[in-house]
Amino acid sequence: GIQVEQSPPDLILQEGANSTLRCNFSDSVNNLQWFHQNPWGQLINLFYIPSGTKQNGRLSATTVATERYSLLYISSSQTTDSGVYFCAVDEYGNKLVFGAGTILRVKS
Amino acid sequence: EAGVVQSPRYKIIEKKQPVAFWCNPISGHNTLYWYLQNLGQGPELLIRYENEEAVDDSQLPKDRFSAERLKGVDSTLKIQPAELGDSAVYLCASSLQGQETQYFGPGTRLLVL
């Protein structure tokens, strides 16, 4: 099956700093989503982005489907950005395969 | 609009006991998913329903796990008997048929002693 690798596994930021999270996947996909899991375990969908670039406030994401990677940018990080960021991909049929996640800690 | 509702939020049981989890998806969402999330890992799909039909249950350990979605709305996931290795978070998600975005519930955290 498709493999999803996320990097870095862990990231510690000072409040106000910017960061880039990466997701590599092993095969062509028709669906790629970024999620944030907050410290209480709630998974929130950030972006549906099988290709191209999207922005939502301080967050933006870019997927280069031909090179099989996606990037999530967090600018001016805040403590509420802490949690785990997951990339999930789907080859076909609404079956999402999640990466292991990037644990982000933002310090005030 | 209410999100995906799951109950209970936490469950502690002894091994070999049965346990059941309940999920109420977002109103109008006909696709429902159950995921398993082990500590330090991403969620893994157990089963996907389109209305009341299970269209993908290839990852569901059918010797001890079962699920149902009567009337195509609420769903229950059952484990009988539970094993120590079943300790994890069980997540329910829903989506509109044909839409890619999945909305997750808060999960049920299971501890098997």
Side-chain angles (χ1 to χ4, degrees), chain A residues 1-10 21-26 29-52 54 56 61 63 65 70 72 83-105, chain B residues 2-11 21 23 25-26 29-51 53-60 87-111:
Chain A
I2 195 166
Q3 303 297 313
V4 181
E5 293 184 1
Q6 293 187 241
S7 60
D10 261 283
L21 281 55
R22 187 176 180 103
C23 172
N24 292 333
F25 42 96
S26 61
V29 299
N30 64 0
N31 179 359
L32 186 146
Q33 299 183 38
W34 283 97
F35 292 87
H36 174 224
Q37 189 165 40
N38 66 25
W40 296 270
Q42 180 69 55
L43 266 169
I44 303 294
N45 189 292
L46 298 175
F47 294 103
Y48 164 67
I49 185 165
S51 64
K54 290 185 177 179
N56 184 3
T63 297
S70 183
L72 178 69
V84 185
Y85 288 81
F86 289 105
C87 168
V89 302
D90 174 23
E91 291 179 281
Y92 53 85
N94 273 355
K95 183 172 183 175
L96 285 180
V97 175
F98 283 75
T102 292
I103 301 172
L104 175 65
R105 299 181 183 89
Chain B
V4 176
V5 179
Q6 291 188 246
S7 69
R9 292 295 313 278
Y10 305 91
K11 189 73 175 180
F21 315 124
C23 173
I26 293 173
H29 283 196
N30 36 21
T31 306
L32 183 146
Y33 313 78
W34 283 103
Y35 287 88
L36 164 71
Q37 186 174 22
N38 286 306
L39 188 64
Q41 298 180 24
E44 299 171 37
L45 181 69
L46 290 173
I47 189 169
R48 175 169 66 96
Y49 282 94
E50 295 288 351
N51 299 302
E53 182 183 0
V55 296
D56 184 354
D57 64 354
S58 57
Q59 302 296 93
L60 190 72
S87 297
V89 177
Y90 292 82
L91 294 163
C92 180
S94 70
S95 66
L96 279 170
Q97 195 166 14
Q99 301 278 330
E100 306 293 350
T101 302
Q102 296 184 24
Y103 298 86
F104 281 79
T108 295
R109 191 174 299 273
L110 174 67
L111 179 60

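Sequence lines set the chain letters: A, B, ... in the order given, protein chains first and strands last, and positions in each chain run from 1.
For the atom pair CD1 (B:Ile47) and OH (B:Tyr33), the distance works out to 13.0 Å, reported to the nearest 0.5 Å.
For the options A:Asn38, A:Asn45, A:Val97, A:Ile103, heavy-atom pairs under 4.5 Å to chain B are most numerous at A:Asn45. Among B:Pro43, B:Gly107, B:Pro106, the residue making the largest number of heavy-atom pairs under 4.5 Å with chain A is B:Pro43.
Only the side chain of A:Phe35 has a heavy atom closer than 4.5 Å to any heavy atom of chain B. Proximity to chain A (any heavy atom under 4.5 Å) is restricted, for B:Gln59, to the side chain, taken from C-beta onward. A:Gln6 does not touch chain B: none of its heavy atoms, backbone or side chain, sits under 4.5 Å away.
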Exercise. Under the side-chain contact (heavy atoms from CB on, under 4.5 Å) criterion, do B:Thr31 and B:Arg48 qualify, and how do the steps go?
Worked result: CA-CA 7 Å; B:Thr31 306; B:Arg48 175 169 66 96; 4.0 Å; yes
Exercise. Stepwise, does the side-chain contact (heavy atoms from CB on, under 4.5 Å) test hold for A:Asn30 with A:Asp90?
Worked result: CA-CA 6 Å; A:Asn30 64 0; A:Asp90 174 23; 3.8 Å; yes
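Residues A:Leu72 and A:Cys23 fail the side-chain proximity criterion, which asks for heavy atoms closer than 4.5 Å.
For B:Arg109, the CZ atom sits in a loose shell: 12 or fewer heavy atoms of surrounding residues, nucleotides or ligands are nearer than 6.0 Å.
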